[in-house]
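Notes follow once the structure below has been shown.
Predicted model only: the values in this text are computed from it and were never measured. Lettering of chains follows the sequences in order, A, B, ..., and the numbering in each one begins at 1.
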Protein chains: 2
Amino acid sequence: MDDSSTRPRSSRSTGSARLTDVARVAGVAPMTVSRALNRPELVSETTRLRVQRAVLETGYVPNRVAGALASSRSRLVALLVPTVAHSLFAEVVQTVMGVLAPQGYQVLLGLTGYTPEQEETILETVLSRRPDGIVLTGCRHSTLTRQRLQSASVPLVEIWDMSDDPLDMLVGFSHDAVGRAVAEHLLARGYRRFGLISADDSRARFRVAGFVAGLEDAGEGEYQLREVGTPSSMPWGRDKGAELLDGHSLDAIVCSSDILALGVLAEAQSRGLSVPGQLAIMGFGDSSYAAASFPALSTVRIDGAAIGLRAAEHLLQRMAQPTFERAARTLDVGFEIVDRDTT
Amino acid sequence: MDDSSTRPRSSRSTGSARLTDVARVAGVAPMTVSRALNRPELVSETTRLRVQRAVLETGYVPNRVAGALASSRSRLVALLVPTVAHSLFAEVVQTVMGVLAPQGYQVLLGLTGYTPEQEETILETVLSRRPDGIVLTGCRHSTLTRQRLQSASVPLVEIWDMSDDPLDMLVGFSHDAVGRAVAEHLLARGYRRFGLISADDSRARFRVAGFVAGLEDAGEGEYQLREVGTPSSMPWGRDKGAELLDGHSLDAIVCSSDILALGVLAEAQSRGLSVPGQLAIMGFGDSSYAAASFPALSTVRIDGAAIGLRAAEHLLQRMAQPTFERAARTLDVGFEIVDRDTT
DNA sequence: CGAGGAAATGTTAGCGCAATCAATTTGTAT
DNA sequence: ATACAAATTGATTGCGCTAACATTTCCTCG
């Protein structure tokens with residue numbers, strides 16, 4: 001037995017088994033081990049088994065850092081969302097990962113808060129990992145962010161919004177349309193004096209703007225607006241709901257999330273207001289608890305799972321085909337007004 | 001000007017600017033650029049500025065894949081949780097990332113579901129990225145998982161549980177103790193006939209076991225148990241609550257999460273049962289909506305943020321000091337019974 | 001002004017793996 | 001058997017960066 005192939009470990013080595021070690025134990029060339037592990041169909045049955053045995057014997061764990069450098073494929077997808085503390089985004093994360101993991105992709109998570117500045121910073125460090133794909137929440141990015149994404153030429157899906165000029169692919173819905181639809185719906189039901197409780201993020205504001213535009217188009221209705229801080233929570237909803245109810249005579253309160261609506265509902269119940277008789281309440285998101293609250297919350301259903309699913313699928317497709325066309329592909333998953341018992 | 005330093009790009013190159021390109025433009029050695037970017041204090045003011053200018057000019061984005069390979073530091077932390085669709089884990093993710101990001105660490109997220117098998121698979125691929133640290137939910141792992149973690153010698157924090165022999169560091173609380181404390185508390189308030197609704201994961205089962213043990217120790221009380229599927233949701237709570245109430249005469253229903261408890265509350269309200277007069281309800285987790293439901297939900301507060309915070313801090317400390325001692329460090333963050341209006 | 005040390009910069013040699021192409025073995029048809 | 005293609009394996013090289021050491025520049029002080 002000669003071990004001329006075993007270079008003595010340099011001081012920089014990590015000490016654990018390398019591909020070379022497996023190769024020596026299996027009695028084959030390192031390249032063959034690489035193939036046996038990554039493209040087993042190119043290797044004969046017998047060598048594959050010998051390699052597998054050698055892997056077990058040496059306790060070898062592949063080093064994908066080195067693999068990524070050598071092959072220019074990181075098998076990493078970056079997923080950037082404002083937060084995971086909101087069930088809708090949690091659902092997206094859950095679904096995207098559910099689709100990508102079985103395909104051998106790992107997810108680098110980035111939380112951008114709700115500010116373009118954070119998005120910019122996070123994107124920079126994310127790009128330094130050379131991800132094979134990126135899922136990015138929202139369509140409004142800083143100039144630098146857009147530039148970086150352009151020149152990086154990474155398959156990209158923007159989600160959770162609509163835009164006329166997406167950077168690459170886009171899966172989302174129109175926040176403006178949501179606002180208008182809610183206004184139309186509530187006006188049709190006879191409500192006229194509205195309270196609006198909105199989170200201070202840009203997409204919630206777009207829904208508010210859509211709502212207001214809807215009122216204006218109809219030439220009816222008046223509104224009072226309150227913004228809440230991040231993150232939205234039931235206490236916020238209860239607080240701002242109380243504030244609105246104290247100062248104004250209202251028919252309905254429209255909230256930028258279900259959790260805020262639940263807070264308003266609790267406030268209404270504690271005041272002995274009948275819902276929707278004396279006060280109608282509308283949420284957003286159709287979180288799991290919306291259907292089961294009492295009375296059941298009327299809301300706008302956004303299919304976060306569908307967004308995550310389609311986004312991940314589009315990304316997989318684009319990553320699979322080496323010819324990376326910038327031809328934008330846009331998908332509007334829409335939304336649905338769910339008319340339960342609070343309106 | 002000679003450009004002997006510019007090796008023509010091989011066919012394997014990615015095409016974007018490299019450290020070498022920046023070095024050439026700045027008129028310094030590549031190593032100096034590396035230092036200017038990673039350890040600016042080692043470089044003179046003037047060179048730093050020249051390098052910065054060259055970076056902007058070339059549009060250079062560092063390649064941390066190569067950096068990680070060369071330095072054996074990935075600046076990556078793996079975070080493994082069962083799900084992000086549960087607010088408690090979402091909170092942990094949120095906090096851990098909030099602590100690590102400013103320190104220059106990125107997070108590789110892994111969703112293990114609630115099964116040791118998935119954990120095993122995910123951990124394998126995670127280790128292949130050579131993370132600098134790992135945060136892992138739970139203390140019960142498969143033998144293979146334990147072995148791999150042992151031999152990987154990666155700083156590790158187990159969270160969300162207690163154990164007598166943690167693999168490395170541990171930040172959590174005792175599920176058994178939670179169950180016992182809840183039993184004691186409700187018995188003291190005079191409740192005797194209990195319904196239990198539990199998720200089908202091992203830690204929820206431990207809380208149930210603790211509760212039952214608490215009843216046995218006191219020699220009082222009887223219980224009916226129902227398990228729900230994953231993920232827990234308000235409809236599940238309402239369903240199983242209805243099932244329990246239909247079949248049995250109960251004083252109180254104890255749930256393994258707030259969301260289930262909210263479902264039970266909705267069911268009780270729809271039946272016109274007074275809460276807690278005719279039925280007491282107890283949740284778990286003290287989610288944001290627990291405090292603001294009406295009546296306000298009694299629950300067990302788990303400080304997910306504290307767990308995430310301390311876990312991340314411990315990890316940072318361990319990653320900073322090169323001498324990696326296996327001396328276990330365990331932290332019990334405890335819990336608190338929050339006695340609101342449903343008990 | 002030159003010695004001596006600190007600060008700044010440069011040179012060399014990998015990190016562990018896979019793309020690429022070359023060499024070998026195997027199978028198939030004549 | 002022989003020619004030829006297909007399947008399988010191997011040798012070489014470099015991905016882009018940083019550790020480690022070598023060298024140069026700068027500064028201080030007798």
For a quick check of understanding: with a heavy-atom distance under 4.0 Å over all strands, which category does [X] fall into, base, sugar-phosphate or nothing?
X: S72(A); result: nothing
X: A29(A); result: sugar-phosphate
X: V65(B); result: nothing

Quick one: is [N] close enough that its OP1 or OP2 comes under 4.0 Å of any side-chain N or O from [X]?
X: N38(A); N: dA18(C); value: yes
X: S71(B); N: dC15(C); value: no
X: S44(B); N: dT9(C); value: yes
X: S34(A); N: dA18(C); value: yes

Where the side chain of [X] is concerned, which of [options] is the nearest nucleotide?
X: L69(B); options: dA19(D), dT8(D), dG16(C); result: dG16(C)
X: A70(A); options: dC17(C), dG10(D), dG16(D); result: dC17(C)
X: T32(A); options: dG16(D), dG10(D), dC17(C); result: dG10(D)
X: R35(A); options: dT20(C), dA18(C), dG16(D); result: dT20(C)

- request: Scan side-chain atoms only and decide if D165(A) and S163(A) contain a donor-acceptor pair under the 3.5 Å cut-off.
  value: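 D165(A) vs S163(A): donor-acceptor pair found between side chains.
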
[N] [atom2] sits how many Å from [X] [atom1], rounded?
X: R75(B); N: dC15(C); atom1: CZ; atom2: P; answer: 22 Å
X: R18(A); N: dA18(C); atom1: CZ; atom2: C1'; answer: 16 Å
X: D21(A); N: dG16(C); atom1: CG; atom2: P; answer: 9 Å
X: L37(A); N: dG16(C); atom1: CG; atom2: C1'; answer: 13 Å
X: L19(B); N: dG14(C); atom1: CG; atom2: P; answer: 20 Å
X: R50(B); N: dA8(C); atom1: CZ; atom2: P; answer: 15 Å
X: E41(A); N: dT9(D); atom1: CD; atom2: C1'; answer: 15 Å
X: M31(B); N: dT24(D); atom1: CE; atom2: P; answer: 18 Å

Give a yes or no on whether the backbone of [Y] and the side-chain of [X] come within a donor-acceptor separation of less than 3.5 Å.
X: T47(A); Y: V43(A); answer: no
X: E158(B); Y: L167(B); answer: yes
X: T137(B); Y: L80(B); answer: yes

Separation of L79(A) CG from L109(B) CG (nearest 0.5 Å):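 The CG atom of L79(A) is 8.5 Å from CG of L109(B), to the nearest 0.5 Å.
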
DNA chain C: 5'-proximal contact among P30(B) and N63(A) (nearest heavy atom):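 Residue closer to the 5' terminus by nearest nucleotide: P30(B).
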
